[in-house]
Amino acid sequence: MNIRILLIAALAAAYDYNLFVVQWKPSQCVRKSSHCAKGFLSNDFSIHGLWPENFNGSWPQDCYQDHDWSETDLKREFRLTDDLEEKLRKNWSSYKPDSRGFWKHEWDKHGTCFEPNTGSIDFFELVLKQFDLYNVKQDLENAGIVPASGNGYDKNDIQNAFSKRVTIDCRKISKRIYLDSIFVCLDKDLNVIDCFEEFRGPCGNNILYPEYTPGRDDL
Ligand code: 5GP
């Protein structure tokens with residue numbers, strides 16, 4: 001860790017726990033599938049981010065700026081190896097064509113506040129590791145909840161698929177409710193804990209978990 005990061009990390013806001021957020025890819029493209037980057041759609045969750053959070057619902061953000069983005073190329077500045085970039089593209093892709101911009105945003109806004117702070121590369125690797133540890137799709141499948149193009153699922157059945165309470169994030173599009181994201185709550189040592197909030201957004205008794213048909217550009 002360089003001395004600048006060390007100093008800034010010491011100044012960074014303290015926080016209480018972390019939210020590890022994964023998004024259901026097909027839900028990101030409902031109604032705006034044509035805006036989703038080519039190749040983004042698949043029947044998978046992908047990483048949104050790892051966010052330091054406080055028990056009172058507030059969170060620290062943009063703890064410091066350690067890159068001058070206007071002048072530098074993201075790959076060079078982050079020193080992303082081809083191997084790391086490939087893993088990020090596979091599991092942390094953006095629905096927008098510019099996944100690097102998404103990683104930059106997530107690092108700047110949330111990652112710079114994460115403790116212990118050993119820099120962006122370590123943060124990216126740590127988040128990818130969390131993604132390998134929590135197979136949200138498998139937990140849902142074990143409870144009989146699978147992506148489908150028909151009816152949805154009761155919000156409590158989705159919640160009960162998990163051994164610790166997660167936060168289920170729903171999104172309403174054209175009067176229909178979609179499963180947008182799942183938040184896994186992690187203490188500062190990255191152990192899973194019960195989330196305080198069960199649902200976020202307009203979740204109801206019929207949450208759609210839409211299935212994407214491979215080969216199509218839309219849902
Ligand atoms: P956050 O919720 O992490 O504070 O901000 C998310 C930002 O990243 C938004 O400005 C959104 O437009 C941008 N973004 C880029 N790609 C994605 C993506 O694949 N999913 C989500 N949820 N946001 C994305």
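For ligands, and for the atoms within them, numbers begin at 1 and follow the listed sequence.
For a threshold of 3.5 Å applied to N or O pairs, the pair formed by H110 and ligand 1 contains at least one separation below that value.
Side-chain contact between L133 and V192 is absent, with no heavy atoms from C-beta onward closer than 4.5 Å. Contact check for S99 versus R89: side-chain heavy atoms found under the 4.5 Å cut-off.
If you check which protein heavy atom lies closest to atom 11 (C) of ligand 1, you get Y95 OH, 3.9 Å. Shortest contact from atom 16 (N) of ligand 1 to any protein heavy atom: S94 OG, 2.6 Å. The protein heavy-atom contact nearest to atom 9 (C) of ligand 1 is H105 NE2, 4.7 Å. With hydrogens left out, the protein atom closest to atom 12 (O) of ligand 1 is K96 NZ, 3.0 Å, a heavy atom. Protein heavy atom closest to atom 24 (C) of ligand 1, with residue, atom name and distance, is F102 CE1, 3.4 Å. Scanning the protein for heavy atoms near atom 3 (O) of ligand 1, the closest one is E106 OE2, 2.4 Å. For atom 4 (O) of ligand 1, the nearest non-hydrogen atom of the protein is K109 NZ, 2.5 Å.
Ring orientation note: the planes of F102 and H48 are tilted relative to one another, at an angle of 30° to 60°.
Between Y134 and F45, the ring centre distance reaches or exceeds 6.0 Å. Ring pair F131/W92: centre-to-centre distance not below 6.0 Å. When ring centroids are compared, W24 and Y178 stay outside the 6.0 Å threshold.
Of the N and O atoms on the side chains of N56 and S58, at least one donor lies less than 3.5 Å from an acceptor on the other residue.
The option with the heavy atom closest to atom 1 (P) of ligand 1, from among Q23, H48, K104, Q28, is H48.
Not a single heavy atom of Q61 sits under 4.0 Å from any atom of ligand 1.
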